[in-house]
Structures are given as structure tokens and as C-alpha cells.
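Notes for the one structure printed next.
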Amino acid sequence: MNENPYSTAVLAWYEANARDLPWRRPEATPWEILISEIMLQQTPVVRVLPAWEAWVERWPRPADLAAEPAGEAVRMWNRLGYPRRALNLHACARAIVERHDGRVPDSHSDLLALPGVGPYTAAAVASFAFGQRHAILDTNVRRVLARAETGIEYPPKTQTKAEVRLAESLLPDAPAVAARWGVAVMELGALVCTARSPKCADCPILDRCSWVLAGRPPHDGPPRRGQTYAGTDRQVRGRLLAVLREAPGPVAKEALDAVWDKSVQRERALDALVADGLVDPLEDGTYALPG
DNA sequence: CAAGCGTGGCC
DNA sequence: TGGCCAAGCTT
């Protein structure tokens with residue numbers, strides 16, 4: 001068998017422990033899987049589940065979403081965070097209709113050309129939706145490989161070429177097995193080999209984990225970058241957009257002004273939202289979600 | 001390439 | 001309590 005030293009154990013563990021997520025079911029369509037992958041970017045599964053259900057019910061095919069104004073996607077995004085992704089998904093739908101006859105493309109390069117689809121998401125859709133052989137390297141896999149292979153607690157802050165090479169070197173040869181392997185390692189990172197308090201007692205490759213064999217040395221080097229939020233433009237953007245999402249139609253400037261005291265920062269945030277295409281300034285001085 | 005981009009839950 | 005973290009992408 002053309003498998004890496006972990007694959008049998010990890011695949012068996014996945015069979016027994018994988019969560020029953022709707023986008024993993026056999027009947028899930030490539031479009032549904034693409035929606036899930038965009039939603040899951042930097043967002044926990046538990047928060048994605050209800051949003052995903054609502055989206056696939058309302059827009060079961062790319063053409064259904066493509067027929068709507070972008071603002072409807074932003075409104076449906078609700079509080080998932082990073083609302084730019086709603087715009088991206090809407091633009092994906094229109095690109096898929098215009099360039100790919102309404103079907104999610106199956107080639108990695110075509111996927112990569114879609115808005116908001118980067119190397120990870122393109123590989124994930126090609127692998128999970130179409131059974132192709134691509135290295136899956138997300139935050140979960142990076143952490144598992146850092147520990148199991150490299151023997152360090154956390155991967156580098158930014159993804160390195162060495163990590164990509166490592167992930168590729170571990171990829172089973174048969175596409176179907178490779179696809180299974182990719183989702184299995186992700187799941188292992190999500191459920192067992194977690195960032196804080198990993199559940200090593202439940203790990204199927206504990207006896208081969210370089211980090212454990214080295215005595216679980218703590219992370220050294222610079223502290224990992226923390227995200228600040230309170231008081232940032234991001235928080236202001238979030239408040240401004242929330243007002244627009246919750247309103248049935250265009251809102252007056254005064255309603256937006258009420259969400260933040262500091263006018264300079266508030267105006268900067270609003271301008272940025274307009275520049276990003278998330279907010280539409282209307283002729284009469286009111287603001288709306290994009291048409 | 002490092003910074004910017006939302007939101008909420010957890011320890 | 002508050003920093004950390006969550007299936008990244010874009011510029």
C-alpha cells in the first residue's frame with residue numbers, strides 16, 4: 001500500500017470518530033461543499049451549521065444565488081463574521097454561472113480563480129467534492145504535522161514551503177484514499193490534536209508523535225499573534241453593517257452615526273465598507289446593503 | 001509579507 | 001476577566 005506511516009491509524013480513527021456534518025454526507029453537492037468551505041474560513045463548525053442549512057435551502061444551486069442582489073447574501077450572512085465572504089460567495093455564484101455553465105468547476109486552477117477561494121479552499125473542494133488528490137493544509141493539519149512530524153507544539157505563524165512539501169509527501173497515492181486522508185487529519189486536529197489541551201490519550205498516532213516522544217516541549221519563540229478587537233475599526237464596521245442587515249431597507253446616516261462615538265473612526269470604517277462593496281451609498285444620502 | 005478583516009465561546 | 005482560538009484570503 002502506498003500509504004504514510006500514519007494513514008491506517010488515522011483513517012481507522014476517522015471511521016469511528018468523524019462528526020456527522022451535513023456537507024460531508026454523500027449527497028452533498030459541490031456547491032454545498034463550496035458554501036461550507038467559505039463559511040468555515042476562520043469560523044467554528046457550530047456557528048456555521050445553522051447558517052449553512054439556511055443558505056443551501058434558500059439557494060440550492062449557484063444560479064439561485066446569482067439571481068439575487070449581493071445585499072441579500074450579506075443579509076443572510078447574519079453574524080457569521082468576515083462578511084466579505086458573503087460577497088465572495090455571491091461573486092462565486094455569478095462567476096460559476098457565467099464561466100462554468102452553472103456548475104462548480106472541478107479543477108484546482110478554476111477553483112482558485114473564484115473570488116475568496118485560496119489554496120486551501122480550492123484543494124478542499126477539489127478533494128472533498130470531486131475526490132481528487134490534493135494536499136490539504138489548514139490550521140488543523142498544520143498543527144497535527146507540526147507535532148507528529150516536526151516535534152513542535154505549534155506550526156510557524158505563516159505557512160512555509162516546507163509544510164507544503166511535508167503535506168504532499170504524506171499524501172496517499174490513490175485519489176480516493178488521499179481525499180479521505182485529508183479530511184481525516186483535519187478532523188484529528190479539530191477533535192483531538194487541538195491547539196490548547198490536546199487529548200493525547202485519544203490520539204491514534206500517539207506512539208509515533210514526535211512532539212510527545214520529545215516530552216511535549218512547550219512552544220518557544222515569539223508569542224503567537226493575538227487578535228485585538230475592542231475599539232478597532234473591525235468592531236465599528238461590524239456595528240455599522242449590523243444596522244444595515246437588520247433594517248428592511250435603506251437607513252439614514254443618523255442611524256449609522258449612533259453606533260460609534262468617534263466620528264473620524266466611524267467615517268473611516270463606513271468609507272471602507274463602501275470601498276469593499278459591502279455598503280451602498282445612495283443618491284439621497286441614505287445607505288443600503290449593495291444592490 | 002505582515003496586517004487587516006467579525007464574531008462568539010471557552011478556560 | 002480577557003487573551004486565545006476558530007476548515008483563510010487579499011493586498
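We name chains A, B, ... by the order of the sequence lines, and we start the count at 1 in each one.
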Going by atom types alone, do [X] and [Y] pair a side-chain donor with an acceptor below 3.5 Å?
{"X": "Q265(A)", "Y": "W260(A)", "value": "yes"}
{"X": "Q41(A)", "Y": "Y120(A)", "value": "no"}
{"X": "T232(A)", "Y": "R237(A)", "value": "no"}

Thinking salt bridges, do R142(A) and E163(A) make one under a 4.0 Å N-O criterion?
-> yes
Run the side-chain donor-acceptor check on residues 176-185 of chain A: report pairs under 3.5 Å with partners two or more places apart or on a different chain.
| unit_1 | atom_1 | unit_2 | atom_2 | d |
| --- | --- | --- | --- | --- |
| R180(A) | NE | E15(A) | OE2 | 3.0 |
| R180(A) | NH2 | E15(A) | OE1 | 3.4 |
| R180(A) | NH2 | E15(A) | OE2 | 2.5 |

side-chain contact (heavy atoms from CB on, under 4.5 Å) with E246(A): which residues, sequence neighbours excluded?
->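 If we apply the side-chain contact (heavy atoms from CB on, under 4.5 Å) test to E246(A), skipping adjacent residues, the hits are R79(A), A242(A).
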Residues which pass side-chain contact (heavy atoms from CB on, under 4.5 Å) with D101(A), listed by chain and number, not counting sequence neighbours =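 side-chain contact (heavy atoms from CB on, under 4.5 Å) list for D101(A), sorted by chain: R103(A).
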Without decimals, in angstroms, what is the distance between [X] [atom1] and [N] [atom2]?
{"X": "D271(A)", "N": "dC5(B)", "atom1": "CG", "atom2": "P", "answer": "13 Å"}
{"X": "L89(A)", "N": "dG8(C)", "atom1": "CG", "atom2": "P", "answer": "16 Å"}
{"X": "L111(A)", "N": "dG8(C)", "atom1": "CG", "atom2": "P", "answer": "17 Å"}
{"X": "W52(A)", "N": "dA7(C)", "atom1": "CH2", "atom2": "P", "answer": "18 Å"}
{"X": "L87(A)", "N": "dT11(C)", "atom1": "CG", "atom2": "P", "answer": "12 Å"}
{"X": "R24(A)", "N": "dA7(C)", "atom1": "CZ", "atom2": "P", "answer": "11 Å"}
{"X": "K161(A)", "N": "dC1(B)", "atom1": "NZ", "atom2": "P", "answer": "10 Å"}
{"X": "Q159(A)", "N": "dA7(C)", "atom1": "CD", "atom2": "P", "answer": "14 Å"}

Using a heavy-atom distance cut-off of less than 4.0 Å, which residues of residues 120-143 of chain A contact DNA chain C?
-> Y120(A), T121(A), D138(A), T139(A), N140(A), R143(A)
What parts of residues 251-261 of chain A reach DNA chain C, counting only heavy atoms under 4.0 Å away?
->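 Residues of residues 251-261 of chain A that come under 4.0 Å of DNA chain C do not exist, since none gets that close.
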[N] to [M] separation - [atom1] atoms, rounded to the nearest Å:
{"N": "dA3(B)", "M": "dC4(C)", "atom1": "P", "answer": "15 Å"}
{"N": "dG8(B)", "M": "dT1(C)", "atom1": "C1'", "answer": "16 Å"}
{"N": "dA7(C)", "M": "dA2(B)", "atom1": "C1'", "answer": "22 Å"}

In terms of the nearest nucleotide of DNA chain C, which residue is placed more toward the 5' end: T194(A) or G116(A)?
-> T194(A)
Side-chain donor/acceptor of R147(A) to backbone N/O of Y154(A), under 3.5 Å |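 Looks like no, no N/O pair under 3.5 Å.
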Are any side-chain N or O atoms of R143(A) and backbone N or O atoms of G189(A), one a donor and one an acceptor, separated by less than 3.5 Å?
-> yes
Quick one: label W77(A) by what it contacts on the DNA or RNA (base, sugar-phosphate, nothing), any heavy atom closer than 4.0 Å.
-> nothing
Any N/O pairs under 3.5 Å between the protein and nucleotides 6-10 of chain B? List them or say none.
| unit_1 | atom_1 | unit_2 | atom_2 | d |
| --- | --- | --- | --- | --- |
| dG6(B) | OP2 | R237(A) | NE | 2.2 |
| dG6(B) | OP2 | R237(A) | NH2 | 3.1 |
| dG6(B) | O4' | Y82(A) | N | 2.9 |
| dG6(B) | N7 | Y82(A) | OH | 3.3 |
| dG6(B) | N7 | R234(A) | NH2 | 2.9 |
| dG6(B) | O6 | Y82(A) | OH | 3.0 |
| dG6(B) | N1 | Q42(A) | O | 3.3 |
| dG6(B) | N2 | Q42(A) | O | 3.4 |
| dG6(B) | N2 | T43(A) | OG1 | 3.0 |
| dG6(B) | N2 | L80(A) | O | 3.2 |
| dT7(B) | OP2 | Y229(A) | OH | 3.2 |
| dT7(B) | O2 | R47(A) | NH1 | 2.7 |
| dG8(B) | OP1 | R79(A) | NE | 2.6 |
| dG8(B) | OP2 | R79(A) | NH2 | 3.2 |

Mind checking whether W55(A) and W77(A) have ring centres under 6.0 Å apart?
-> yes
What closest approach, in Å, do R245(A) and L289(A) show between heavy atoms, and which atom pair accounts for it?
->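 It is CA-CD1, 4.1 Å.
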Flag side-chain contact, heavy atom, 4.5 Å: L244(A) against V279(A) = yes
